[in-house]
Structures are given as C-alpha cells and as structure tokens.
Amino acid sequence: MGWMGRALVAVLLLAVAGGAVVWLAGGGVFGARDGAGEVAPQAISQRTLGAAREAQAQAAAALGEAQARQILFGDLHVHTTVSADAFLFSLPMLTGEGAHPPSDACDFARHCAALDFWSINDHASSISPQAWRDMVSSIRQCNAVASDPLNPGNVAYLGWEWTQVGTTPENHYGHKNVVLRDLEEEKIPARPIAAGRGGIIGGAPSRWQLGLGALSVGGRMHDYARYIAERLDIPHCAEDAHVRDLPANCRESAPTPAELFRKLSEWGHESIVIPHGTTWGFYTPPGSTWRKQLMGKLHDPAQQTLLEVYSGHGDSELYRGWRAVHLSEDGAAACPAPRPNYEPTCHRAGEIIRARCLAAGESAAECETRAAQARAHAAAAGVAAHRVVPGLQSAELLDAGQCRDCREPSFNYRPGGSAQFILSVGNFDGGEPRHFRMGFMASSDNHYARPGTGYKEVHRRGFTESQAGDADAPALFALPEEDPAPRSRAFNFDQPGFAIFETERQASFLTTGGLIAAHSQGRDRNAIWDAMQRREVYGTSGPRILLWFDLLNAEGEPAVRMGGETSQSSAPTFRVRAAGSFEQLPGCPGASVSALGPAEIERICKGECYHPSDRRRAITRIEVVKVQQQQSAGEDLSGLIRDPWRVFTCEPNPAGCSATFTDADFPGEGRGAAYYARVFEAPAPAVNAGNLRCRRDGEGNCVETNPCPGPDGARDDCLAPHEPRAWSSPIWVDPPRASSG
C-alpha cells in the first residue's frame with residue numbers, strides 16, 4: 001500500500017475514532033450523575049420552634065382566637081434538577097447555577113425559607129428509576145435530620161408532577177401534583193406516573209447533537225448527555241396492566257386524569273392530587289375550560305381535594321367572562337372582539353398585519369381582508385398565535401392576551417380554569433348535579449430546589465423562573481429571525497416542543513410564588529396531612545399571613561372551619577380574623593449560617609433567608625367572595641360569582657383585623673354557595689408585580705410595554721408595588737335536601 005493509501009486509511013480511522021468519541025459523549029459516557037446530594041445534618045432547634053409557636057399564639061390571642069391548632073407553612077410544588085427543564089436551566093449555556101439536587105431543596109426549606117413542611121414534585125416524565133430511588137432516599141434523609149419525630153422542625157413529603165399538555169381544549173387536562181403521605185417502602189409506589197410517554201425528554205437533541213455539544217462545551221454538558229441517555233433507555237410500561245404487576249424499572253404513564261386516579265387507587269396508598277397552572281395560557285389551548293373534568297371519572301373527589309390558586313406563575317383565582325377564542329360546536333376557532341379589559345392575541349395579530357399592510361401602501365379594503373385572515377390564522381394556531389405574524393417582535397403584541405384587571409395574573413390568562421370558575425361550574429349529564437369542592441392553597445413551582453422563595457422579594461433569577469430576555473441568558477426558544485411581512489401565514493404544528501410556545505413576554509409574569517398554610521393539630525407529618533385532607537388550609541402570595549375563617553352558627557354541629565361544608569336553612573354567619581406577616585430583616589439568621597456555613601448560604605440561599613423581625617405588617621382590608629353553584633349547563637357563571645361580596649376596611653392595627661357578617665339572602669336563594677375570605681396587607685414591592693409594565697394612554701389602552709428585564713438585565717428584579725394577600729379555603733353551605741317522603 002502506497003503512502004496515499006496509508007494516509008486515506010489513517011483519515012478513515014481518525015474519522016471512525018472521532019465518530020466513536022462523539023457517539024460515546026452523546027451517550028453520556030464522560031458525564032456524571034447529579035445524585036441526591038447530602039442533606040446538612042443540623043436540625044431546627046426546639047427553642048426556635050417554641051418561639052415561633054409562642055409568637056403565633058400571641059397574635060391569635062390579640063384577635064380573640066383560642067388557637068387550639070398551629071398554623072404551619074409549606075410549599076407543595078418544588079422542582080430540582082431531576083426535572084428536565086430544571087436541568088436545562090442549570091447549564092452554563094443558559095448561565096445556569098449548576099446542579100440543585102433534592103438535598104438542596106431540603107436544606108433550603110429548613111435553613112433558608114424556614115418552612116414547616118414541603119414536597120418534592122419533579123416532572124414524572126423526567127424521573128428515571130435511579131432518580132426515583134435517590135429522591136426517596138433524600139426525602140427520608142431530610143426527615144431523619146428533623147430531630148423529634150413528634151415535633152419535627154420540618155416535614156418533607158415525597159411526590160411528583162403529572163405534566164399533561166393537550167393540543168386542543170378537548171384533550172387538555174393540565175398539570176397536577178401528586179403528594180404522598182408515607183415514606184415506608186410498602187406504602188409508596190414503585191415508580192411515579194407520568195402523563196405522557198416522552199414529555200420534555202421526548203424532544204431532546206439526538207445523540208450526535210448531544211455528543212458534539214458536550215465535546216465543544218465540556219463540563220456540565222457531559223452530565224446533560226448522561227442525563228438524557230439514562231432516560232431515553234427506560235422502557236415504557238404496559239399500558240393496561242395493574243400497577244403492581246409492572247416491573248419497577250419501566251416508565252409508567254396515564255394519559256388522562258381518570259387513568260391517573262385509577263392507577264393511584266390500584267396502589268392504594270394515601271395521596272393527594274393538586275391541580276395547578278389552571279389559568280396559565282403558556283401551554284393551555286385557548287378555549288379550554290375545566291367543565292369537562294367533571295365528566296365521568298375525570299375527577300375523583302376523594303383524591304383531588306386541593307387547588308393551587310397562586311404560584312410562581314401568578315394568580316389563578318379570578319373568573320372573567322371573556323375568552324381568547326370562540327369555539328363552534330365542531331371545534332373551529334374564531335377570534336372574538338376586544339373588550340375594555342381584554343384584547344385577544346388573535347385580534348392584536350390582525351391589527352399588526354393591518355398596520356404593516358397600510359404602511360406598505362395597500363388599500364384600506366385589502367388591509368382589512370388581510371387583518372381578518374390574520375385573526376383567523378391566529379385563532380386557529382392556539383398557544384402559537386404569535387407565530388402567524390412573520391418577523392414579529394414581542395413588543396408589537398403590547399398586552400394582548402392578558403387580564404388587565406387581575407392582580408398579577410398568570411400569563412395569557414384562561415378564565416375557564418380559574419378557581420372561581422371551578423367553584424361554580426356544574427355537570428348535568430344525568431343523575432345528581434356534580435360540582436368541584438377543593439380547598440385553596442398556594443406554592444412556588446420553583447425549579448431551582450428552592451421551596452418557599454416568597455419570604456423576600458429578591459433575586460428574580462433563582463428565586464423565580466424569570467430569565468428570558470436577559471442579555472446574558474441565551475433565548476433558547478426565541479422567535480426565528482425573519483423580515484416583517486404585511487401578510488400572516490398559517491402556523492405549522494409540526495414544529496417540536498417549546499418552539500410553539502411564547503416565552504419572551506411570559507418572563508414578566510413569573511413571581512417568587514406562594515405558600516400553603518395548614519391549621520394543624522400538631523407538627524408531625526400525619527397531623528399536617530390530616531389538615532390537608534380536611535381542606536383546613538389556605539394560600540398566601542408568599543408572606544406568612546395568619547388567617548382564620550369560620551362559619552359560627554352551623555345547625556346541629558360546632559363551628560365549621562375553612563374547607564368544611566354543612567347544610568342549613570338559616571342565614572349563615574361567618575367570622576374572619578387575620579394578622580399580618582413579620583417584616584423581614586436583611587441577610588440570614590445566625591442559626592441558618594451555623595447550619596449551612598457561609599459558602600452554602602450563598603450558593604443555596606443566595607445570601608437571603610427568612611429572617612423575621614418582631615414587627616407585623618398591617619392588614620388593610622378583608623374581602624369576602626360568594627360563589628353560587630351552577631344549576632343548569634347554560635347558566636351564566638358571571639352572575640353567580642360575587643366578587644367582592646363583602647368588603648371590610650381595616651383600621652391600622654398591628655394586632656390585625658377581624659370581621660363578622662351574615663348572609664341574610666341565603667335562606668331564600670334555594671341553592672348552595674361557597675364563601676371564602678381574601679385578606680390584604682399594605683402595599684409592598686414584588687418581583688414582576690407590574691407584569692409587562694404598560695404605559696397607558698388617557699383611555700387606559702396599553703401603548704408601550706417595558707417587559708422584564710429592563711436595561712439592567714440580570715440585575716433588574718423588576719419590582720413593582722403589589723398587595724400581599726391570602727385566600728382561605730371555601731366553606732360550602734347547602735340548603736337542606738328536600739324530603740323524598
């Protein structure tokens with residue numbers, strides 16, 4: 001063989017070797033698993049717990065509340081880098097912070113946020129068999145370091161997120177967190193249950209792409225390749241088998257809530273299912289409502305008992321009568337006209353095309369034709385309505401798609417999933433009418449293993465998910481660069497994953513998140529669990545507001561607490577009492593620094609912890625909402641939701657505020673109603689409270705936006721005034737049933 005032949009062979013061998021290296025790198029051979037991490041061993045002291053309880057007892061006594069039960073604060077919606085999206089956010093190419101395993105969540109909950117309880121809720125589709133074993137081990141370790149098991153400093157629950165996204169209103173059910181009571185091997189499922197077969201993992205880069213990326217960037221990109229490869233190798237479980245007959249190392253899925261409830265029932269373990277993101281239009285198809293989830297077995301009232309009304313994705317409480325699209329009986333979407341407090345995104349798409357068309361010199365008639373076509377294209381595009389306008393800049397959309405008269409609403413608000421809609425809507429397919437009865441709670445949905453970040457409005461990056469648009473954070477899902485055109489186009493739904501979603505504007509709607517508060521008879525896991533089962537819980541937008549809400553004159557039984565239900569013929573009388581949260585001091589308490597050390601205080605807590613002073617914030621007002629239950633399918637919900645039904649202005653008083661009131665109309669109305677209290681603290685700055693920060697004209701129209709972040713980029717916490725608040729769980733009052741005799 002001549003020198004040319006030898007050279008060719010050498011080139012071929014190098015190519016094969018190079019290809020092998022890329023292939024091995026794409027399979028994660030050079031990467032490492034994150035694992036579960038190690039939990040800091042120092043427990044919360046009994047002295048600290050006693051001081052917190054004494055402060056709460058004093059606040060209760062000042063309001064005349066006997067306070068037989070403690071109010072404990074938690075977060076039941078927390079992700080670590082076990083979740084695929086959280087792992088992606090951790091990468092250097094996204095200016096990520098690196099790994100945040102389950103142990104970080106435990107340490108943050110105890111020593112940064114000073115929570116009483118929390119749960120881990122990584123996306124089930126991202127949890128490999130080994131990751132599940134690691135999570136179980138880490139949650140057990142977190143509980144083991146909590147000192148006295150009957151009076152622990154913190155209770156950690158095991159769970160996951162069932163993350164379902166439909167393509168149409170008919171097949172969309174949304175996201176639900178599953179939380180488990182127990183930790184013993186025989187009392188937990190062998191594997192989590194995902195909503196679909198692929199999830200975010202299904203849209204991962206190819207092995208060759210992962211290999212090239214890992215070799216070019218190095219470091220954590222090799223870990224990412226291993227993370228993806230480990231999950232792609234998991235076989236799918238048989239779809240119709242009993243859960244106990246399946247192997248432990250397969251990926252289990254339940255495509256509908258009915259299947260999820262069935263599988264949880266087959267396991268037979270204690271669990272609670274908590275829907276969340278019910279109004280979040282980032283992934284919810286326009287026109288979706290929760291009405292269909294009352295059909296058949298799509299709702300299990302024994303398992304689906306709580307509803308997340310507020311999170312790091314904003315507020316999901318308020319009902320509005322408008323919709324993003326109008327749907328005909330055959331499912332075809334049409335674009336509605338704008339209203340004073342809402343402009344559909346599809347309508348705005350038509351206005352953008354009209355303006356471009358006129359600027360190009362076309363006639364008014366031609367431009368109206370193109371505007372109508374753009375509205376139709378956008379209505380048909382669902383969550384990708386923004387993609388039908390070529391060369392669109394997010395600023396052109398102004399505040400289209402947003403609830404203008406809501407408080408920190410979730411992005412692209414879907415009122416058919418609001419808590420008030422869910423309280424009122426009924427199902428009348430046959431037999432007894434069916435209604436939802438779920439208690440209200442709030443949590444964070446943090447993806448950096450930081451449960452309970454709402455204690456301080458700092459660190460937009462890391463305490464919230466808001467980083468899209470930052471100059472140093474590459475726009476992973478940015479719109480393609482193209483020239484603006486004066487004509488719309490139909491959207492191609494063959495595009496993968498997040499390519500169809502609108503990501504830039506949503507960064508202005510992401511908050512530090514909320515907390516769940518439980519009226520518990522003790523601090524242990526069973527006492528907290530029992531409070532959640534009773535629905536004797538409430539949610540806050542982050543601060544630790546103290547709230548009591550009771551029905552005082554229940555017939556034939558003691559007072560009914562929040563989350564309870566009763567039947568009576570007389571006018572119900574209620575009482576609300578609330579005390580404000582503690583003002584926060586800067587930095588971290590000495591006990592937190594001692595437990596974690598200065599380096600971990602910076603890495604995990606980012607230098608800021610729950611650090612209460614002895615001064616409570618003022619409660620400024622109490623609002624009561626009354627929601628009557630729908631009695632026929634065609635009944636307009638707008639007339640059934642009375643918000644606010646009662647308003648009580650509070651005098652400045654550090655002790656808090658209380659109000660007692662009676663519904664004299666109830667006996668004559670002949671229908672059940674749910675009542676809940678909403679209390680407000682004095683205004684304070686909060687991350688993204690201004691959302692798109694519109695500049696408005698004299699008629700209130702948004703003429704220019706200043707989305708988050710501003711010119712300061714990553715340093716901008718996008719603070720704006722808001723009213724911290726809390727929502728009690730409802731109390732349901734039904735009229736007596738008519739006698740059948």
Please tell me whether E669 and Q628 have a donor and an acceptor in their side chains that are separated by less than 3.5 angstrom. yes
Is any side-chain N of the basic residue among R535 and E565 closer than 4.0 Å to the acidic one's carboxylate O? yes
Is it true that D445 and H313 share a donor-acceptor pair across their side chains at a distance under 3.5 Å? yes
Is a side-chain donor-acceptor pair under 3.5 Å present for H299 with Q304? yes
Q631: which residues meet the side chain to side chain contact (heavy atoms under 4.5 Å, CB included) condition with it, sequence neighbours left out? E635, R671
Salt bridge between D315 and R725, side-chain N to carboxylate O under 4.0 Å? yes
Verify the neighbour count for atom CD of E184: are there more than 12 heavy atoms of other residues, nucleotides or ligands below 6.0 Å? yes
Once side-chain hydrogen bond (donor to acceptor under 3.5 Å, both in side chains) is applied, what residue pairs with a partner in residues 672-683 remain, sequence neighbours excluded? E317-Y676, E317-R678, Q420-Y676, S581-E681, R617-E681, E623-R678, D643-R678, D663-Y675
Across all chains, not counting sequence neighbours, the side-chain hydrogen bond (donor to acceptor under 3.5 Å, both in side chains) partners of S541 are none
Counting N and O atoms only, with roles assigned by atom type, does the side chain of R437 sit under 3.5 Å from a partner on the main chain of G563, one being a donor and the other an acceptor? no
For S658, give me all partners under side chain to side chain contact (heavy atoms under 4.5 Å, CB included), at least two apart in sequence or on another chain. R577
What residues, two or more places apart in sequence or in another chain, satisfy side-chain hydrogen bond (donor to acceptor under 3.5 Å, both in side chains) together with R561? none
Does a donor on one side chain and an acceptor on the other come within less than 3.5 Å for E170 and T168? yes
Flag this pair as yes if the NZ/CZ of R621 is under 6.0 angstrom from the six-membered ring centre of F680 and inside a 45 degree cone about the axis; otherwise no. yes
Using the test side chain to side chain contact (heavy atoms under 4.5 Å, CB included), find all partners of S569 that sit at least two apart in sequence or belong to another chain. E555, P736
Ring pair (Phe, Tyr, Trp, His ring centres under 6.0 Å) with Y319: which of Y413, F421, W290? F421
Assess the residue pair H123 and H447 against the criterion (ring-ring contact (aromatic ring centres under 6.0 Å, His included)); give the C-alpha distance rounded to whole Å, side-chain angles, the decisive distance to 0.1 Å, and a yes or no. CA-CA 11 Å; H123 299 287; H447 280 61; 5.8 Å; yes
Below 4.0 angstrom, N of the basic side chain to O of the carboxylate: do E266 and K263 qualify? no
Less than 6.0 angstrom from the centroid, inside 45 degrees of the normal: does R525 satisfy that with respect to the ring of Y157? yes
Among side-chain atoms of T453 and T512, is any donor-acceptor pair under 3.5 angstrom? no
With a distance cut-off below 6.0 Å to the six-membered ring centre and an angular limit of 45° from the axis, does R575 pair with F661 as a cation-pi contact? no
Test L72 against every option in V537, N154, I516, I528 by the side-chain contact (heavy atoms from CB on, under 4.5 Å) rule and name the one that passes. I528
I want to check a possible cation-pi pair here: K292 against Y173, using under 6.0 Å from ring centre and within 45° of the ring axis as the test. yes
